[in-house]
Amino acid sequence: GNGPSFAAGRLAYVLGLNGPAMAVDTACSSSLVAVHLAAQALKAGECTAALVGGVNLLLSPVTMELVGHTHALSVSGRCRTFDAGADGFVRGEGCGVVVLKRLADARRDGDRVWAVIEGSAINQDGRSAGLTAPNRDAQEAVIRAALAASGADPASVGYVETHGTGTSLGDPIEVEALNAVYGAANTTNPAAPCLLGALKSAIGHLESAAGVASLIKATLALHHGHLPANLHFRALNPHIRLSGLLPASAPALLDRPRAGISSFGLSGTNAHVILRRSAAPDQAAPDRAAPAPLLPLSARSDAALRGLAGRWAVALPALDGHPDDLAAALSTAANRRASLPWRAAFSAPDAGSLAAALAAFAAGDEVPGLSAARAVGPLRPVFVFPGQGAQWPGMGRALLRAAQRPGASPGALAFRAGLDELAPHVLRESGFDPRALLAQEDDESFAAAMAAIEVVQPLLFAVGYGLACWWRGMGVVPSAVVGHSQGEVTAACVAG
């Protein structure tokens, strides 16, 4: 299970996914090739959504030593893409994952669409100057193929996120291919060249994760209409000739709707993606009211919780009028902070109101109009009741037997008492006694009886209620209950 080929399968197993699952290895272009394959699977209807990602960890010093012997690593420890002082690439670590869906499905489901993949292509260098030497013709061909798949005019691409390794061989060859396609399309307007981005100058070469990292950067750049500067760029490499292209040596605004993303594998497998800025209607879920901001906080004591609320009260006013930043801050608080025993949850219509409520809570004052704002103290368990499908032959039989034995546990007695309480109601409404069905010894008869919807659902309700009684009989009292599908009925009953 530790082989690279098992990684995708193990993730699919953990997440319960059933579509195509594969680990892609084309060296540096792996994750952008995976994006292309996922897009193809979505178009073919092999899946309705896709998780695509890449990860790179530098775990073995042996690999670093071997790469060092190639003299491809930067001696200065800086990735100087397109610069005259470029002396090699810098290895980096990281992980990136994107969610892909067909655009119509994303709009139907009310998803936030950050960008649209209009086209993509992959190809191979073939018999080039050497096994690991880049091939200019192949790079040009894969760019043209991606543009053809997208139907986009190359002049509409205002920015290319390059492979940009910062090597003396790779950078000039890549720019030659870009000149032939994007540069040629921009020569009529020299005042507005196509900008060249280089993420590797900031975070290094993530190798198998480099492509998806570039995709994420390009997505955010298009979304915000702002391209950050390449780092460590001082003067253009004298071996690079630019025509209609310009390295992003300073932050720049993006006024054209498209970006290209290149990723070229050391294996010779190349990939290119055409990305389009999402239209404004895609930025919010249609016909869905935005929920009021919710801020959950937790701490180790009541005093610490109120102190934390006070710090949030000071910080939040700066986010008023910036809904994206506010949403990001609240999401981090909900999903990335430790869950400690003392908790409070705050809800208010905007950052200013939320800050006022937090300040009042921090001062020990009453906080009117909040969905919830109280320290719950040390946590008690939550009972979760599943829906139909959790049943099996023989379910509940052992507990019923245990309740009939001398010296039965309080839990077993409470389970039987719960069934005794419910039995007349189930008999009246559904025509059978749940105790009799649970007690029968023949598993085949039990399974046959549960094949009927009018039997299995009332029986699951009775067993769920009986199990809640069992836990209470053992001294376990829930602080909350939640149910899924059929379990909602049981949860509502247990909640009173």
Side-chain angles (χ1 to χ4, degrees), residues 11 14-15 49-55 94-101 105-107 109-116 203 209 212-213 215-226 228 277-278 280-300 304-359 361-362 367 369-376 379 382 480 482:
L11 288 170
V14 170
L15 298 174
L51 297 176
V52 189
V55 60
C95 175
V97 179
V98 295
V99 182
L100 304 183
K101 296 177 76 170
D105 292 349
R107 285 172 170 161
D109 297 339
D111 296 324
R112 182 172 190 170
V113 180
W114 289 87
V116 179
I203 65 173
V212 73
L215 176 65
I216 292 170
K217 177 195 170 182
T219 296
L220 294 175
L222 283 178
H223 173 74
H224 293 289
H226 178 88
R277 179 184 291 122
S278 176
D282 294 332
Q283 299 306 312
D287 304 320
R288 184 180 296 178
L294 176 67
L295 174 62
L297 300 179
S298 69
R300 296 191 184 279
L305 183 65
R306 293 183 185 276
L308 180 60
R311 293 193 294 276
W312 271 91
V314 173
L316 275 176
L319 301 180
D320 212 1
H322 301 278
D324 288 348
D325 293 340
L326 176 62
L330 299 185
S331 174
T332 299
N335 300 311
R336 296 290 181 263
R337 296 298 299 270
S339 298
L340 300 173
W342 288 82
R343 300 184 181 184
F346 301 83
S347 178
D350 51 58
S353 303
L354 198 57
L358 287 159
F361 180 77
V367 186
L370 287 177
S371 297
R374 64 185 181 88
V376 298
L379 297 178
V382 175
V482 63

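We use all heavy atoms of the structure for the numbers below, so side chains are in, but hydrogens, waters and symmetry mates are not.
- Taking the side chain as every heavy atom from C-beta outward, Val212 and Val52 never approach each other to under 4.5 Å.
- Here the closest non-hydrogen pair linking Gly96 and Ile216 is CA-CD1, 4.1 Å.
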>> Apply side-chain contact (heavy atoms from CB on, under 4.5 Å) to residues Leu316 and Leu326 and explain how you reach the verdict.
In response: CA-CA 8 Å; Leu316 275 176; Leu326 176 62; 3.7 Å; yes
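- For the side-chain contact (heavy atoms from CB on, under 4.5 Å) with Asp325, the qualifying choice from Leu319, Asp320, Leu330 is Leu319, the only one to do so.
- Side chain of Arg337 to backbone of Thr332: no donor-acceptor contact under 3.5 angstrom is found.
- When all heavy atoms are compared, the tightest approach of Ala357 to Phe346 is O-CE2, 4.3 Å.
- At a threshold of 4.5 Å between non-hydrogen side-chain atoms, the residues Leu354 and Trp312 do not count as touching.
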>> As a quick check of understanding, evaluate side-chain contact (heavy atoms from CB on, under 4.5 Å) for Leu220 and Trp114, giving each step before the final call.
In response: CA-CA 8 Å; Leu220 294 175; Trp114 289 87; 4.2 Å; yes
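- Checked by atom type and distance alone, the side chain of Asp350 pairs as donor or acceptor with a backbone atom of Gly352 at under 3.5 Å.
- Closest heavy-atom contact between Ala355 and Ala313: O-CB, 3.5 Å.
- Between Leu358 and Leu297 the shortest side-chain heavy-atom distance falls below 4.5 Å.
- Gly94 and Ala209 get closest at one heavy-atom pair: O-CB, 3.9 Å.
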> Would Lys217 and Ile203 satisfy side-chain contact (heavy atoms from CB on, under 4.5 Å), going step by step from the backbone distance to the final call?
Replying inline: CA-CA 11 Å; Lys217 177 195 170 182; Ile203 65 173; over 6 Å; no
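- Taking CZ of Arg112 as the start and CG of Asp324 as the end, the distance is 4.5 Å to the nearest 0.5 Å.
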>> Before you tell me yes or no, could you show the steps for Leu51 and Val99 under side-chain contact (heavy atoms from CB on, under 4.5 Å), namely the whole-Å CA-CA distance, both residues' side-chain angles and the distance that decides it to 0.1 Å?
In response: CA-CA 5 Å; Leu51 297 176; Val99 182; 3.7 Å; yes
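- Arg343 approaches Ser298 most closely through the heavy-atom pair CG-CB, 3.7 Å.
- Annotation: the span from Thr219 atom OG1 to His224 atom NE2 amounts to 10.5 Å, rounded to 0.5 Å.
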